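These numbers were taken from a predicted model, which means no experiment stands behind them. All chains are named by letter (A, B, ...) in the order of the sequence lines, taking the proteins before the strands, and each is independently numbered beginning at 1.
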Number of protein chains: 2
Amino acid sequence: MSRNNAGLTEDRIITEALRIIDGQGLRRLTMRRLGDALEVEAMAIYHHFPLGKEQLFDAIVAYVSDVARWAPNGDGDADTDADGVADEAEQAAPEPDPRPWDERLRTWAADYRRALLTHAQALPLFIHRRPETEAALRSLEVLYGAFTEAGLEGAEVVRAAAALDSYVTGSVVREVRANGLPVQRPAVLDGRFPHVTALREVQPDAEAVFTAGLEALLHALTASARTV
Amino acid sequence: MSRNNAGLTEDRIITEALRIIDGQGLRRLTMRRLGDALEVEAMAIYHHFPLGKEQLFDAIVAYVSDVARWAPNGDGDADTDADGVADEAEQAAPEPDPRPWDERLRTWAADYRRALLTHAQALPLFIHRRPETEAALRSLEVLYGAFTEAGLEGAEVVRAAAALDSYVTGSVVREVRANGLPVQRPAVLDGRFPHVTALREVQPDAEAVFTAGLEALLHALTASARTV
DNA sequence: ACCTGAACACCGTTCAAGT
DNA sequence: ACCTGAACACCGTTCAAGT
């Protein structure tokens, strides 16, 4: 094998970066270590991501945000990489999902949650990055379409989608935090915290907590449409 | 002024670190820059945070997480720093909040949201850090107490508190992301995204979005108690 | 076009030393 | 106890050079 043309691609770089992040943590992802894992000099990565590590982080967020990729039977090959232009002028809407709106929302929420949980170590990257990829638009279309079908209109739809997105994201953050070890010296539970003390042993299953809140939220968000 | 005893305290270090984070971003907080801002050599910080930057990050998260500090009329002097042991053996519960449970929850949510939004640049630190300070216990006590008063029991209380916490955290993340510039080349809105296209101009006020979702969630979480 | 290798400015942290 | 100053291993990135 010659010294150049090592077969480096954006996808290989992103995938390998995620492997390092998942296995060793975000802080251990360095350009040099990533280069080692790809069996290439670190500087070769800059040929594919000329703007450096920030651009790589952006690409990682966009990659993980592609909810379809993480669905149980996701196609994964969706045209969502940097050159995410439709191959043909296929501007027509794809086959619409025949399931009822609430089921589509549950599926979207479960897939998005799975995507974030799978790469929980990469979560800090999501805070200040908002990919506007086609995959992101597909997600938004699912939400807006479902809530519209549920009977909401205009700003109601946007608010409901925002609430659902907030809930899923926040649930993952809460789960990840709950699984981590407490930081700093834990304070003592004394008489000032009677309810916390009383419920100290109650630790419901994370999945059940997520589902219960999701059902409550979905029901509440679409209540206005039902009472009209 | 002599060369040592520069009056460095944990609180001064944390405050100055937050000023740098808020003003220049998380990545620009370095030990050397922080030392400069405190007019001290970087290495002096290690005397107060022997475990280094990670420990400083932990302290920052604990500091910002003290919801009471960010309330409009918060006392701010709450005994929540590293030596957060009660001065006396004041193990009795403090004066109970006389307001109805739902108002206490709204206040908690607004205060927590404000705390996180005020230091949005520090948000990535929150993902993998869970302070178990007295301030954190106070927050949990507010939530558990309020939902218990609303008529929930046991696991219901824990689930409701988790859902509310998830919603507030996720809302802040969503707000911060929405305010940021989109990353990577934005995809084009075409016929495949009819609902997104139709609602493109609808951009409700962030505060209104938060409140609408919060009210829906609170109503739904306590519905079971009302119907019994 | 794709990758290498040396170099630069910067970083977190250690350690011995000062007062 | 509190802070300094030099040192070490590492980092992201630039740039000229190789093929």
Side-chain angles (χ1 to χ4, degrees), chain A residues 1-21 23-61 81-83 121-122 124-125 128-129 183, chain B residues 1-21 23-61 81-83 121-122 124-125 128-129 183:
Chain A
M1 202 52 89
S2 73
R3 311 230 299 295
N4 44 6
N5 221 342
L8 220 47
T9 64
E10 291 185 20
D11 236 64
R12 266 193 72 214
I13 296 172
I14 294 171
T15 306
E16 201 60 45
L18 272 173
R19 194 196 314 281
I20 294 175
I21 292 173
Q24 315 187 35
L26 191 53
R27 293 167 21 109
R28 304 250 324 151
L29 175 69
T30 69
M31 299 304 265
R32 285 172 165 92
R33 236 189 295 267
L34 181 53
D36 276 356
L38 293 162
E39 297 182 36
V40 112
E41 290 299 311
M43 295 69 202
I45 301 166
Y46 285 83
H47 191 266
H48 299 267
F49 294 95
L51 274 49
K53 209 177 182 187
E54 282 302 304
Q55 190 182 13
L56 174 58
F57 282 158
D58 294 347
I60 290 172
V61 171
D81 36 0
D83 291 302
Q121 296 275 50
L125 300 179
H128 292 285
R129 271 166 255 259
V183 117
Chain B
M1 202 52 88
S2 74
R3 311 231 299 296
N4 43 6
N5 223 340
L8 221 47
T9 64
E10 292 185 19
D11 236 64
R12 265 193 72 214
I13 296 173
I14 295 171
T15 306
E16 201 61 44
L18 272 173
R19 194 197 314 281
I20 293 175
I21 291 173
Q24 316 186 35
L26 191 53
R27 293 167 21 108
R28 304 251 323 153
L29 175 69
T30 68
M31 299 303 265
R32 284 170 164 92
R33 236 189 295 268
L34 181 53
D36 276 356
L38 292 162
E39 297 183 37
V40 113
E41 290 300 311
M43 294 68 200
I45 300 165
Y46 286 83
H47 191 266
H48 299 267
F49 294 96
L51 275 49
K53 209 178 182 185
E54 284 300 305
Q55 190 181 13
L56 174 59
F57 282 157
D58 294 348
I60 290 172
V61 171
D81 36 0
D83 292 300
Q121 297 275 50
L125 300 179
H128 293 285
R129 270 165 254 258
V183 119

Atom-pair distance ([atom1] on [X]; [atom2] on [N]), nearest Å:
{"X": "B/R32", "N": "D/dA6", "atom1": "CZ", "atom2": "P", "value": "12 Å"}
{"X": "A/F49", "N": "D/dG12", "atom1": "CZ", "atom2": "P", "value": "15 Å"}
{"X": "A/R12", "N": "C/dC2", "atom1": "CZ", "atom2": "P", "value": "14 Å"}
{"X": "A/E41", "N": "D/dT13", "atom1": "CD", "atom2": "P", "value": "16 Å"}
{"X": "B/L51", "N": "C/dG12", "atom1": "CG", "atom2": "P", "value": "15 Å"}
{"X": "A/L56", "N": "D/dT13", "atom1": "CG", "atom2": "P", "value": "10 Å"}
{"X": "B/K53", "N": "C/dC11", "atom1": "NZ", "atom2": "C1'", "value": "8 Å"}
{"X": "A/H47", "N": "D/dT13", "atom1": "NE2", "atom2": "P", "value": "17 Å"}

Here the pair of heavy atoms bringing B/I60 nearest to B/A17 is CD1-CB, 3.9 Å
When both hydrogen-bonding distances must be under 3.5 Å and the geometry is Watson-Crick or G-U wobble, what is D/dC15 paired with, if anything? C/dG5
Looking at B/E39, I want to see if its CD is surrounded by more than 12 non-hydrogen atoms of other residues, nucleotides or ligands under 6.0 Å. no
Under-4.0 Å side-chain N/O to phosphate OP1/OP2 contact, [X] with [N]:
{"X": "A/H48", "N": "C/dC3", "result": "yes"}
{"X": "A/R33", "N": "D/dC10", "result": "no"}
{"X": "B/R27", "N": "D/dG12", "result": "no"}

Is the backbone N or O of A/G7 less than 3.5 Å from a side-chain atom of A/R12, with the two atoms forming a donor-acceptor pair by type? yes
Got a salt bridge between A/R33 and A/E16, using NZ or NE/NH1/NH2 to carboxylate O under 4.0 Å? no
Ranking D/dC3, D/dC11, D/dA6 by distance to the side chain of B/M43, first place goes to D/dA6
From C/dT4, D/dT4, C/dT13, pick the nucleotide closest to the side chain of A/V40? C/dT4
How long is the straight-line distance from CD of A/Q121 back to NE2 of B/H128, given to the nearest 0.5 Å? 5.0 Å
